[in-house]
Amino acid sequence: MEELKRFLIFSFCSEPETLGNLQWLSCYLTTIKHSELYKSVFVVLLLLAITAPVSLMFGFGGAMAARSRIWVINGFGRLYIAIVRGVPDIAFFMFFVIALDQALEWLRHHTLCPDWSDAIWQGNDFVVCPEAKMPLSAASQWVHNSYSFALAILTFSIVFGAFAANVLFGAMRAVPGAQIETADAYGMTRRQTFWRIIVPQMWVYALPGLSNLWMILIKATPLLFLLGIEDIVYWARELGGSKTAKFTSYPHGDLRMWYFLALLVFYLAFTRISEIVLDRLMARLTFGQAITGGDSQRAGKT
Amino acid sequence: MKKLLLTTAAFALTASLGFSDVIRMGTEGAYPPYNFINDKGEVDGFERELGDELCKRAALTCEWITNDWDTIIPNLVSGNYDTIIAGMSITAERDEVIDFTNSYTQPDPSAYLALSADVDLAGGVIAAQSNTIQAAHIASTGGATLVEFPTPEETISAVRNGEADAVLADKTYLSPIAAENTDLVFAGDDIMLGGGVGMGIRESDSELKTKFSAAIDSMKADGSLNALIVKWEIGATF
């Protein structure tokens, strides 16, 4: 108990057993353990903030590859889109992350410990030399956390990039043919047409599909837990589970329903904010475009 | 930016080469009194105290990691941590995949917890945590229907909300719950399952296994293990 006092925010929290409901709650919600939950909210937001642009880049690259006239690149782009879209997310997350981690360690093992004589696969065990570990066993916990977080971002980006690639591929083809013919008539090269005519105009066609993806990405963040990252769902489950007085100063029954209700509110609020932002973005992109949305904006102006 | 990354990487590399025998201890963190997360968000419990003492005796630097119970063995063999110290009973089935140190608890009886003492244990629905000796026991005896849950917490809720008639788990885990909840009572007789709890180690890591077994033996010899068992109420002493 003495030790715990140093972490208390409210001075009256030192004797939680004697407190009234509201005070008890304010103490309970400010334990160090609860701050892990609040931190995990930022982890999820950070994941979204990084994954969204990275998967958009992957998607753009994939779509460009799928449009390429060089058959190797074209085949690669189409294969990427087809395979990743076809594999269930959970299977991909389970398999890809472990395979990638072991592939990295295998590569490091062969470059860093060429003299190592033992086999890497010993029965069930995957054993590389200590120097080849990713990250090193001795590295501090935040390095381990950042590493698994980086793996998570990469995996999310590959998966959502494939879907984004398909959306962008479609959007590039939706740009009116007359625009491209005009560009040709002006003597633009294929590259110039792509960057100056197609790319600026395709976003309005891509946005409904991309906004769908964004919404799905928000909801997919609990998959983080599969990758060993303690996300908000993990902490909600852990904190909400019933606690006996022997092991905590804050015994309580099964509160998981309330924690999950809070998660529900968080996710709903977040999707609502996203909707508002996306609607505004759509209005901006539609401006001056030769589509019905653009026409009605023009009619409203005059 | 690139330079910054490189220097950080180089620093991390040199800093970590200094003390290379850090042992990563994998636990579940959801199984009091063996292991749980305390109010400060740290791993706590019988195995935390035991593990820290074992590392001290074996002169190892140890770090604690929590991992989901269902993937605790796969993550050990693929090298994400070096030991499992998570109230895991020594069984022949697990011993085929990983190795165990000497046991640090006596075989702990398993017990049924239910809403009333006269539930049908032989033919009813019994909850157990997946991949446990209790789940294997119910599945192998037949008669009763097994429902599995990924966490111990959910097996208790299943009894409370009527999804299962009773839960079968280590008595050590159930006792504090039965003591503090008047609606839950023990039912039927205790069953002896498993061969005591030990630390799980990769089969290729026999050196580490020997070190920890020796440390466990030395704690058995000087009575400090018994003191911990009494303190955390982990069944019978040695």
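Naming convention: chains lettered A, B, ... in sequence-line order (proteins, then strands); numbering from 1 in each chain.
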Which bit of [X] is near chain A, if near means a heavy-atom gap under 4.5 Å: side chain, backbone, both or neither?
{"X": "B:I65", "value": "side chain"}
{"X": "B:P33", "value": "both"}
{"X": "B:D68", "value": "side chain"}
{"X": "B:R24", "value": "side chain"}
{"X": "B:T71", "value": "neither"}

Shortest non-hydrogen contact from [X] to [Y]?
{"X": "A:Q122", "Y": "B:S204", "value": "OE1-CB, 2.8 Å"}
{"X": "B:I37", "Y": "A:K33", "value": "O-NZ, 3.0 Å"}
{"X": "B:S78", "Y": "A:Q102", "value": "CB-NE2, 3.3 Å"}

Is atom [atom1] of [X] surrounded by more than 12 heavy atoms (other residues, nucleotides or ligands) closer than 6.0 Å?
{"X": "A:L22", "atom1": "CG", "result": "no"}
{"X": "A:F95", "atom1": "CZ", "result": "no"}
{"X": "A:W121", "atom1": "CH2", "result": "yes"}
{"X": "A:I90", "atom1": "CD1", "result": "no"}
{"X": "A:F260", "atom1": "CZ", "result": "yes"}

Fit a plane to each ring of B:F36 and A:F247, take the angle between them on a 0 to 90° scale, and name the class: parallel (under 30°), tilted (30 to 60°) or perpendicular (over 60°).
->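 Geometry flag for A:F247 against B:F36: tilted rings.
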
Closer than 3.5 angstrom, by distance alone: can the side chain of [X] be matched with the main-chain N or O of [Y] as a donor-acceptor pair?
{"X": "A:D125", "Y": "B:E203", "answer": "yes"}
{"X": "A:D254", "Y": "B:S157", "answer": "no"}
{"X": "B:E180", "Y": "A:A245", "answer": "yes"}

Tell me, please, which residues at least two apart from B:E154 pass salt bridge (Lys or Arg N to Asp or Glu O under 4.0 Å).
->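 Result, salt bridge (Lys or Arg N to Asp or Glu O under 4.0 Å) vs B:E154: none returned.
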
Would you please test A:Y250 and B:D39 for side-chain contact (heavy atoms from CB on, under 4.5 Å) and show each step?
-> CA-CA 8 Å; A:Y250 303 93; B:D39 290 339; 3.6 Å; yes

Chain B contacts, top residue of A:E36, A:E238, A:K243 (heavy-atom pairs, under 4.5 Å) =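 Answer, by heavy-atom pair count under 4.5 Å with chain B: A:E238.
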
Check each atom of A:H144 against the heavy atoms of chain B and say whether the ones under 4.5 Å are side chain, backbone, both or neither.
->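 A:H144 touches chain B through side-chain heavy atoms alone.
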
